[in-house]
Amino acid sequence: MHVSKSMILFVLLSAFLVTPLPADEGMWPMSEIHTLDLAKRGLAIQPQEIYNPGQTSLVDGICKLGGCTGSFVSADGLILTNHHCAFRAVQSASSAEHDYLTDGFHAAARREEIPAKGYTLRITESYRDVSAEVLSVVTADMDPAARTKAIERRTKELIAAAEQEYPGKRAEIAEMFLGKTYVLFLYTYLRDVRLVYVPPLAVGNFGGEEDNWMWPRHTGDFSFMRAYVAPDGSPADYAADNVPYQPRKVLAVNPQGVAPGDFVFLFGYPGRTYRHRTAAYLEFESRVRMPFVVDWYGWQIDTMERLGAADRVAAIKLAARSKGLSNTWKNYRGKLKGIGEVNLLARRRRAERQLQEYIAAEPDRQAGYGDVLPEMEQIYREITATAPRELTLQYLVETPTLLGIAFQVNEAVLERQKPDLERRSEYMDRNFPQTRQRLELNLQNVVPAADRAILTEILNRAARLQDDQRIPAVDRLLSGGDAPQAIADFLDGAYARTRLTDPAYALALLRESPTTLPEQDDPFLTLAAALYPHYQAQRETEKRRKGQLDNLYSRLLDIKQAFEGTDFIPDANGTLRLTYGHIKGYSPRDGVTYRPLTTLRGVMEKETGEEPFIVPPRLRELYEGRDFGRYASAAQDSVPVAMLYDADTTGGNSGSPVFDARGRLVGVNFDRAWEATINDYAWDAAYSRSIAVDIRYVLWFLEKYAGATHLLQEMNVAPEPE
Ligand code: ASP
């Protein structure tokens, strides 16, 4: 073949054009999207089609579903999200007779859809910067705790005013840069969410904790739910005659999926990142807090597993809790390993030394900012010194369910006496119904043997604290004797006498007053009341520290921005963000390269016949019969299952739609690779990879395995002609 010069030029040019630009860090708030040149990155539609304030665009097709993200994929409020995001709802609907957890759930008709108890859904309507209004209550000479309280109070006032101005909407204020910028978000808030389709556990959680946070991945981590509203279209609690919610935007799915190198972008509600925190903070996290949590959660997971192994009903009740703990446990282990491997502490220390030199080089800068890093160092030193007691007290109050409920009841009764705006947020009128419901759901899942084991262990840990870390209410319980015996004696009596296991009784207590509640003479209520002042004092300390740190972080950011000559993107904080990247593998270690797409073949390769690598027989049959329909990727000769890309995500992006260059849904984000667990502190193009379930697996599974063709039709994906 004759090759002309112009052909060579064409080949060179197109090679240049298809070479993706280097990946970018960033969970971009909507207010910043206009600064991005997305076409240059690979977007093939107009930016206004994905985000256009005041008009309908792709972003209107996504929602925040509990702590996850979801996509509206039909005009009747059908939501695509992760299996693990629906897990709690599936668990609370399950029993030994209807084990939806193991078998999955499939509502063949709308009336069979099950309420997802405790689930709420938010759709971002608008946002507005309220930094000036929030900070107007702060004065330079204010003491730090007063600063935190003034901001909290002002925030509640602004929320109340916004909710009054927009009846039926829900307002929330998010701190974008610590102590510096605040944005008020207005949400449509739906309270009737139902389960529609959930694959069996063996598919939705294939690989379980062994594969969690890992690549290569073969988990069918998807599920379908549906949002409902009152017949007049207004948000309402569950009612049989509610009707499906009509979203402003329905997302289109692309049954052809993506290929390596393709541009992708995601919308979602990423939870928390800590990229602007100091080395001292990272040191506290990695040397004190995370090791404490790894140890405590690990102990609980083992205990629950042991108890669940002998009792299926107990196992179902403990399932969601145990899954949540395991997820964090493994994530923290990934982080601890990663922080060491990339030398994060030393790197951040070095960067801070350079910053300090820059500050010191100019007398004005030294006067304005010289104290910032040393003062922060001092605060984290204080936090480290008091951590054994503070962490133990926190987990003593939060982990055991019955004591936790007693604590909440006690606090609710005290807080509900105050004017609404002065209460802690969970006891304010706008939030109290959810608080009650959470309490009720927690009670449903009490397994007394597990609860007692956990409380025994944490009390014994409290009893072993050093002299300068003691918790007086625990000491009174021990009354100087042999601690393990005193604890066992107390708990014998407490579990025999308490009536808190009765939900009707526990909920009725919320109507008591601070004078009548003690008359109940319940051992857990009495212990909770004794712990309450310690916990309150700890919260006061935290408010003081937050006041100090917010002020320091705000100044740190100013000087860092001047030093580095760049603008920063705010850390994730549970608000709506955009991120983008490309379908791309990576090298986790020398000599190893990961490819970015996995297939059904890998599911079969991993099968052991034992948890968590069980392959349902029908799935194997379909595989062996090569019944891939139109979902097989030609390049791989199998159905793609999961994909890897270098977008910037964190927890909360679970369930986020992954869009192709034309804005069609090609995957559902559910995890990150092992090395990317440290994204939360430091993102890096070399190792930051997120994982999604491929839409082709979702559609193939619905069509061939589940026979849920009505869902395909609802999503406007016509099933393959016979
Ligand atoms: N699997 C994760 C989670 O649900 C998602 C992530 O953190 O990347 O927490």
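In listed order, ligands and their atoms are each counted from 1. Any value given below was found using the heavy atoms of this structure, including those in side chains, with hydrogens, waters and symmetry copies removed.
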Is the distance between the ring centroids of [X] and [Y] less than 6.0 Å?
{"X": "H276", "Y": "F568", "value": "yes"}
{"X": "F177", "Y": "Y553", "value": "no"}
{"X": "Y197", "Y": "H106", "value": "yes"}

Name the closest protein heavy atom to [atom], giving the residue it belongs to and the distance to 0.1 Å.
{"atom": "atom 1 (N) of ligand 1", "answer": "F670 O, 2.7 Å"}
{"atom": "atom 5 (C) of ligand 1", "answer": "S654 OG, 3.2 Å"}
{"atom": "atom 8 (O) of ligand 1", "answer": "R672 NE, 2.8 Å"}

**Study point:** Proximal ligand 1 atoms for N327, defined as those under 4.0 Å from one of its heavy atoms
**Key:**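 Result: 3 (C), 9 (O).
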Do any nitrogen or oxygen atoms of [X] lie less than 3.5 angstrom from nitrogen or oxygen atoms of ligand 1?
{"X": "T649", "result": "no"}
{"X": "D671", "result": "yes"}
{"X": "G652", "result": "no"}
{"X": "H84", "result": "yes"}
{"X": "W213", "result": "no"}

**Study point:** Pair W213, N327: side-chain N/O donor-acceptor within cut-off below 3.5 Å
**Key:**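 A donor-acceptor contact under 3.5 Å links the two side chains.
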Review point. Can you find a non-hydrogen atom of N653 under 4.0 Å from ligand 1?
Key: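 The answer is no, since N653 has no heavy atom less than 4.0 Å from ligand 1.
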Check your understanding: Should K584 and D262 count as an ion pair when the cut-off is N to O under 4.0 Å?
Key ->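 No.
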Review point. Does Y228 have R194 sitting over its ring (NZ/CZ under 6.0 Å from centre, angle to axis within 45°)?
Key: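 Pair R194/Y228 counts as cation-pi.
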Check your understanding: Any side-chain heavy-atom pair from T649 and N669 closer than 4.5 angstrom?
Key ->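 The answer is yes; the side chains approach within 4.5 Å.
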